[in-house]
Amino acid sequence: MKTLVLVFHPNLSESRGNRHLVEEIKKHPDTTVHNVYASYPDEKIDVQTEHELVENHDRIIFQFPFYWYSAPPLLKKWLEEVIVYGWAFGTNGDKFQGKEVIVAVTTGVAEEGYTAEGDVTFTVAELLRPLEAAANFVSANYLPPFAVNGIGHKSDEELAAIAKEYVRYVLNPEQTLNSVR
């Protein structure tokens, strides 16, 4: 199965968490890592290129840091410009149909903060519902998200181990669904 990792981080070189995840996933064959902010620093998305990338992969990973409990602005723009009528939905719009979609996020808040009793009062999965709804709308198979919480408090050793867990999950979600929150 060919996997496309769409990385939406405005400054990946400054990131600890997302950078670890990217460095580890790049080691694996049949995986394409596409740094969207680096590809479009002017935020002018080449829709044809994005369509070709999606069409040539079976599993699509949206990887990003949470921004105010949501996706970075370029991911929202990508969705609006790439997921269009006649291509992803509507008449002849079937290019996402049957593809697997996984969202991978890093957060600054510790895991216990993403509970009904925590500071955020919502789970990560609840906050990602708009992306789940979008995947459902285009007939993709949305799989449970992969979240790395409290990123600022993780050591490099912890991040390296988490990156390996991330790769195991996104490349084999059917084998690891029970081990990932």
Side-chain angles (χ1 to χ4, degrees), residues 3-25 33-37 43 59-83 88-89 96 99-181:
T3 301
L4 172 63
V5 182
L6 296 167
V7 180
F8 291 90
H9 195 297
N11 194 354
L12 189 60
S13 64
E14 299 279 322
S15 166
R16 287 184 61 243
N18 278 277
R19 188 170 29 97
H20 270 86
L21 301 180
V22 166
E23 288 170 359
E24 189 63 33
I25 195 86
V33 176
H34 179 42
N35 183 339
V36 183
Y37 271 94
E43 297 190 10
R59 182 176 296 137
I60 313 300
I61 313 301
F62 293 100
Q63 181 187 319
F64 57 90
F66 252 1
Y67 276 69
W68 285 103
Y69 314 109
S70 187
L74 191 56
L75 173 51
K76 293 176 184 179
K77 184 175 182 176
W78 189 96
L79 292 168
E80 291 171 7
E81 293 185 10
V82 175
I83 309 300
F89 63 93
F96 258 91
K99 293 191 185 290
E100 293 180 348
V101 172
I102 299 173
V103 176
V105 297
T106 57
T107 77
V109 175
E111 184 177 351
E112 56 273 8
Y114 287 102
T115 64
E117 302 77 29
D119 292 339
V120 179
T121 70
F122 296 97
T123 66
V124 169
E126 288 171 327
L127 293 167
L128 293 172
R129 294 293 290 214
L131 291 173
E132 181 177 358
N136 292 340
F137 185 73
V138 297
S139 300
N141 182 16
Y142 185 85
L143 298 174
F146 184 92
V148 183
N149 296 302
I151 200 75
H153 302 288
K154 307 277 188 221
S155 69
D156 285 338
E157 293 78 20
E158 289 173 304
L159 289 173
I162 290 166
K164 288 184 185 321
E165 182 182 347
Y166 165 69
V167 169
R168 267 192 309 279
Y169 178 62
V170 300
L171 296 184
N172 303 291
E174 62 283 348
Q175 296 174 9
T176 56
L177 280 176
N178 295 329
S179 67
V180 178
R181 292 181 289 285

Task: Closest contact, heavy atoms only, Pro144 versus Ile102 - done: O-CG2, 3.9 Å
TODO: Identify the two heavy atoms, one from Pro65 and one from Phe8, that lie closest to each other, and give their separation to 0.1 Å.
DONE: CD-O, 3.4 Å
Task: N/O donor-acceptor pair under 3.5 Å between Lys77 side chain and Glu43 backbone - done: yes
- [ ] Check whether any side-chain heavy atom of Val109 lies under 4.5 Å from a side-chain heavy atom of Phe66, and answer yes or no.
- [x] no
Task: Separation between CD of Glu80 and CG of Leu75, rounded to the nearest 0.5 Å - done: 10.0 Å
- [ ] Indicate the ring-plane relationship of Phe62 and Trp78, choosing parallel, tilted or perpendicular according to the 30° and 60° boundaries.
- [x] perpendicular
- [ ] Flag yes if more than 12 heavy atoms outside Phe122 fall under 6.0 Å of its CZ atom; otherwise flag no.
- [x] no
TODO: Kindly give the heavy-atom pair with the smallest separation between Leu21 and Ala163, and that separation in Å.
DONE: CD2-CA, 3.7 Å
- [ ] Indicate yes or no: at least one non-hydrogen side-chain atom of Ile162 is less than 4.5 angstrom from one of Glu24.
- [x] no
Task: Minimum side-chain heavy-atom gap Val170-Leu143 below 4.5 Å - done: no
TODO: Count the heavy atoms belonging to other residues, nucleotides or ligands that lie under 6.0 Å from CZ of Arg16, then report whether that count exceeds 12.
DONE: yes
Task: Neighbour count >12 (heavy atoms, 6.0 Å) for atom CZ, Phe137 - done: no
Open item on the list: As an exercise, state the distance from OG1 of Thr115 to CD of Glu126, rounded to the nearest 0.5 Å.
Closed with: 10.0 Å
Task: Validation row: Tyr166, His20 side chains within 4.5 angstrom (heavy atoms) - done: no
Task: Spacing of CD belonging to Glu14 relative to NE2 belonging to His9, to within rounding of 0.5 Å - done: 9.0 Å
- [ ] Apply ring pair (Phe, Tyr, Trp, His ring centres under 6.0 Å) to Tyr69 and list each qualifying residue two or more places apart in sequence or on a separate chain.
- [x] none
- [ ] Please round to the nearest 0.5 Å and tell me the distance separating atom CD of Glu132 and atom CG of Leu127.
- [x] 12.5 Å
Task: Between OG1 on residue Thr123 and CG on residue Leu128, distance to nearest 0.5 Å - done: 8.0 Å
Open item on the list: Does atom CG (Asp119) have a neighbourhood of more than 12 heavy atoms from anything else shown, all under 6.0 Å?
Closed with: no
Open item on the list: If I compare all heavy atoms of Phe96 with all of Ala88, which pair ends up nearest, and what's the gap?
Closed with: CD1-CB, 4.3 Å
Task: Note, Phe64 side chain near Leu6 side chain (heavy atom, < 4.5 Å) - done: no
Task: Least distance between heavy atoms, Asn149 atom then Ala110 atom - done: CB-C, 3.9 Å
- [ ] Check whether any side-chain heavy atom of Thr3 sits under 4.5 Å from a side-chain heavy atom of Ile61, and report yes or no.
- [x] yes
Open item on the list: Let's go through Leu131 and Val101 carefully: what are the C-alpha distance in whole Å and the side-chain angles of both, what is the deciding distance for side-chain contact (heavy atoms from CB on, under 4.5 Å) to 0.1 Å, and is it a yes or a no?
Closed with: CA-CA 9 Å; Leu131 291 173; Val101 172; over 6 Å; no
- [ ] Show the numbers, then the answer: is there a side-chain contact (heavy atoms from CB on, under 4.5 Å) between Ile25 and Val33?
- [x] CA-CA 8 Å; Ile25 195 86; Val33 176; 3.6 Å; yes
Open item on the list: Which residue is it: Asn11, Asn35, Thr106? I am looking for the one with a side chain to side chain contact (heavy atoms under 4.5 Å, CB included) to Asn18.
Closed with: Thr106
TODO: With sequence neighbours left out, write down each residue that passes salt bridge (Lys or Arg N to Asp or Glu O under 4.0 Å) with Lys76, or none if nothing qualifies.
DONE: none
Open item on the list: Please give me the minimum heavy-atom distance between Gly17 and Ile151, naming the atom from each residue.
Closed with: CA-CD1, 3.6 Å
Task: Atom pair CG (Leu159) and NZ (Lys154), whose distance is rounded to the nearest 0.5 Å - done: 8.0 Å
